[in-house]
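Everything quoted here is computed from the prediction, not taken from an experiment. The figures that follow rest on heavy atoms only: side chains count, while hydrogens, waters and symmetry mates do not.
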Amino acid sequence: QVQLVESGGGLVQAGDSLRLSCLVSGRTFSTYNMGWFRQAPGKERDVVAAMNWRGVLTYCADFAKGRFTLSRDNAKNTVYLQMNSLKPEDTAVYYCAADRSVGTAPTMAWEYDYWGQGTQVTVSS
């Protein structure tokens with residue numbers, strides 16, 4: 001019953017901004033913990049940020065602090081990742097994930113229950 005559809009990726013130049021969106025289906029969306037992950041070619045999938053179902057940020061990677069903002073709009077069944085001051089090293093496939101468990105959103109990919117298809121972000125220099 002749950003599907004995640006991502007959008008907003010693309011090719012940008014260093015210093016530009018992007019806002020990734022993740023539309024989540026299902027009537028229980030408001031109870032999900034949400035996370036964003038990214039994976040560059042040849043590297044592991046790393047957590048970017050995570051928030052609990054109340055919209056409180058519970059984790060933010062060091063590389064994202066001060067540049068990326070995680071938010072959610074329960075009325076629109078959508079979560080967002082606002083990315084500012086993008087750098088070439090931010091180039092990766094970005095994934096949205098949903099967690100059904102109770103408590104703080106996890107930071108390990110295997111702990112999440114639902115995933116989007118991923119959206120490519122490429123930052124040129």
Pairs where residues 115-125 contributes a residue and the test salt bridge (charged side-chain N to carboxylate O under 4.0 Å, His left out) is met, not counting sequence neighbours: none
Applying side chain to side chain donor-acceptor pair (under 3.5 Å), name anything that partners Q39, two or more places apart in sequence or on another chain. R45
With salt bridge (charged side-chain N to carboxylate O under 4.0 Å, His left out) as the rule and sequence neighbours excluded, what pairs involving residues 113-125 come up? none
Can you list everything that forms a salt bridge (charged side-chain N to carboxylate O under 4.0 Å, His left out) with K43? Sequence neighbours excluded, please. none
Heavy atoms from other residues, nucleotides or ligands near CD of Q82 exceed 12 (cutoff 6.0 Å): yes
Side chain to side chain donor-acceptor pair (under 3.5 Å) with T69: which residues, sequence neighbours excluded? none
Contacts table for residues 8-24: side-chain donor-acceptor under 3.5 angstrom, sequence neighbours left out:
{"unit_1": "D16", "atom_1": "OD2", "unit_2": "Q13", "atom_2": "N", "d": "3.1"}
{"unit_1": "S17", "atom_1": "OG", "unit_2": "N84", "atom_2": "OD1", "d": "2.9"}

What residues form a side chain to side chain donor-acceptor pair (under 3.5 Å) with E89, not counting sequence neighbours? none
Expected list for residues 51-61: side-chain donor-acceptor pairs under 3.5 angstrom, two or more places apart:
{"unit_1": "N52", "atom_1": "OD1", "unit_2": "R54", "atom_2": "N", "d": "3.0"}
{"unit_1": "N52", "atom_1": "OD1", "unit_2": "G55", "atom_2": "N", "d": "3.2"}
{"unit_1": "N52", "atom_1": "OD1", "unit_2": "V56", "atom_2": "N", "d": "3.0"}
{"unit_1": "T58", "atom_1": "OG1", "unit_2": "A50", "atom_2": "O", "d": "3.3"}

Name every donor-acceptor pair, under 3.5 Å, that has one atom in a side chain of residues 93-106 and the other anywhere in the protein, sequence neighbours excluded.
{"unit_1": "Y94", "atom_1": "OH", "unit_2": "R38", "atom_2": "NH1", "d": "2.9"}
{"unit_1": "Y94", "atom_1": "OH", "unit_2": "D90", "atom_2": "O", "d": "2.7"}
{"unit_1": "D99", "atom_1": "OD1", "unit_2": "S101", "atom_2": "N", "d": "3.2"}
{"unit_1": "D99", "atom_1": "OD1", "unit_2": "S101", "atom_2": "OG", "d": "2.9"}
{"unit_1": "D99", "atom_1": "OD2", "unit_2": "N33", "atom_2": "ND2", "d": "3.0"}
{"unit_1": "D99", "atom_1": "OD2", "unit_2": "S101", "atom_2": "OG", "d": "2.5"}

Selection residues 71-82 - residue pairs positive for salt bridge (charged side-chain N to carboxylate O under 4.0 Å, His left out), sequence neighbours left out: none
Linking Ile, Leu, Val, Met, Phe, Trp and Tyr by side-chain heavy atoms under 4.5 Å, what else ends up with W110? M108
